[in-house]
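One structure below.
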Amino acid sequence: MQRAVSVVAHLGSRLQAFSPALCRPFSCAQEVLRRTPLYDFHLAHGGKMVAFAGWSLPVQYRDSHTDSHLHTRQHCSLFDVSHMLQTKILGSDRVKLMESLVVGDIAELRPNQGTLSLFTNEAGGILDDLIVTSTSEGHLYVVSNAGCWEKDLALMQDKVRELQNQGRDVGLEVLDNALLALQGPTAAQVLQAGVADDLRKLPFMTSAVMEVFGVSGCRVTRCGYTGEDGVEISVPVAGAVHLATALLKNPEVKLAGLAARDSLRLEAGLCLYGNDIDEHTTPVEGSLSWTLGTVTSGCPSPSLKKNVAMGYVPCEYSRPGTMLLVEVRRKQQMAVVSKMPFVPTNYYTLK
């Protein structure tokens with residue numbers, strides 16, 4: 001049996017700052033990449049575009065990756081995450097459908113409360129991680145990963161058809177909205193200037209539909225992938241550029257790309273599907289074929305000024321403080337098992 005661990009280590013300067021295997025330079029002419037509603041906006045602001053999970057997305061802007069990372073920790077940054085799959089699960093049997101696919105207790109969610117959960121297969125392997133919100137409008141709002149778009153959608157659609165054939169009241173709608181993530185300690189302050197709702201009443205993992213800087217019909221969810229306070233805003237496509245432009249008018253806000261998103265989530269101890277978890281990983285234990293040395297995620301931490309990584313080790317080596325030898329490109333480096341997150345999280349909760 002193995003256990004996932006975090007490692008602070010001198011893994012060598014050659015450890016890449018941006019690790020996802022699904023990302024590569026935007027140079028493959030024969031591949032048709034999908035574009036978010038902010039594609040031209042990114043180019044106009046100096047975005048360096050790369051291919052990621054079938055989409056053309058900015059890996060960084062004019063600022064360096066490290067500057068973007070640290071700006072997010074100290075102020076706030078705007079990320080375009082419109083590549084994520086957003087769906088509505090409709091009907092009186094929507095909870096039955098979702099609980100047949102995920103490990104979470106969806107029935108116990110309060111109105112406009114969300115939870116992180118997992119799609120799993122019959123063997124208990126993780127098909128994807130996702131956020132499910134039970135909305136006051138009478139549907140489930142689901143956000144899952146772009147890299148698993150096709151299989152997630154097929155999984156849900158197959159279950160919808162199965163339940164409909166049983167006479168159940170359930171349906172599915174794919175949302176065509178853009179999705180913007182405003183992340184950092186000043187994110188709520190910045191957003192408050194553009195909404196009438198009191199954001200102090202919107203704690204971590206809750207959401208509400210509101211007008212944001214003049215764009216109506218936005219769903220604002222207090223969550224993110226950086227370990228900081230922040231929100232994800234599902235916004236109608238027609239208002240996406242207007243909203244992004246309005247947010248950038250505040251000097252607290254800078255644009256950030258995939259590189260900073262990856263190092264921020266790793267510092268926060270948040271898993272990346274396809275790297276740290278996959279179909280061979282159960283929610284309880286990792287695949288028996290994985291060992292540290294096969295690091296699942298790793299990068300230099302701009303905040304700690306050390307290299308950090310996540311991986312899997314046998315249980316007897318998983319105690320924090322345990323010294324390990326990690327093989328990186330055929331060279332052994334010293335590492336120490338550490339508790340996650342590497343950098344304390346700063347989510348907003350009600351006292």
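The figures that follow rest on heavy atoms only: side chains count, while hydrogens, waters and symmetry mates do not.
Atom CD of Q166 has more than 12 heavy atoms from other residues, nucleotides or ligands within 6.0 Å. Atom CG of N165 sits in a crowded spot, with more than 12 heavy atoms from other residues, nucleotides or ligands closer than 6.0 Å.
In plain terms, the two heavy atoms of P37 and A240 that are nearest each other are CB-CB, 4.3 Å.
Counting only heavy atoms from C-beta outward, the side chains of E232 and L179 approach each other to under 4.5 Å. Using a 4.5 Å heavy-atom threshold, the side chains of M205 and R222 count as separate. In this structure the side chain of M49 reaches within 4.5 angstrom of the side chain of Y39, judged on heavy atoms. Counting heavy atoms from C-beta outward, L175 and K88 have side chains that approach closer than 4.5 Å. In this structure the side chain of T87 reaches within 4.5 angstrom of the side chain of M156, judged on heavy atoms. For the pair F41/T245, a side-chain contact is recorded, criterion being any heavy-atom separation below 4.5 Å from C-beta on. Counting heavy atoms from C-beta outward, T36 and L57 have side chains that approach closer than 4.5 Å. Annotation: side chain of V190 is not in contact with side chain of H75 (no heavy-atom distance under 4.5 Å).
Taken from OG in S68 to CG in L78, the straight-line distance is 11.5 Å, to the nearest 0.5 Å. The CD atom of E279 lies 8.0 Å from the SG atom of C148; values are rounded to the nearest 0.5 Å. Atom CG in D278 sits 9.5 Å away from atom OG1 in T296 (nearest 0.5 Å).
A continuous path of ILVMFWY side-chain contacts below 4.5 Å connects L191 to V215, so both sit in one hydrophobic cluster. Linking Ile, Leu, Val, Met, Phe, Trp and Tyr whenever their side-chain heavy atoms come within less than 4.5 Å leaves V95 and L90 in two separate clusters.
The existence of a salt bridge linking K151 and D128 is excluded, since no basic side-chain nitrogen approaches an acidic carboxylate oxygen closer than 4.0 Å. Ionic pairing of K306 and E267 is not present here: no N-O contact between side-chain nitrogen and carboxylate oxygen is shorter than 4.0 angstrom. A salt bridge does not link E99 with R94: none of the charged nitrogens is closer than 4.0 Å to a carboxylate oxygen. For D169 and K96, the salt-bridge test fails: no basic side-chain N is under 4.0 Å from an acidic carboxylate O.
Side chain of S117 to main chain of G104: a donor-acceptor pair is present (N/O by atom type, distance under 3.5 Å, no hydrogens or angles). Looking at S301, its side chain does come within 3.5 Å of a backbone N or O of L304 through a donor-acceptor pair.
H242 has its ring centre no less than 6.0 Å from the ring centre of F213.
H71 and D63 form no side-chain donor-acceptor contact under 3.5 Å, judged by distance and modelled atom types alone. Between the side chains of Q183 and S77, not a single donor N or O lies within less than 3.5 Å of an accepting N or O. With no hydrogens or angles considered, no side-chain donor-acceptor pair links N177 and Q86 at under 3.5 Å.
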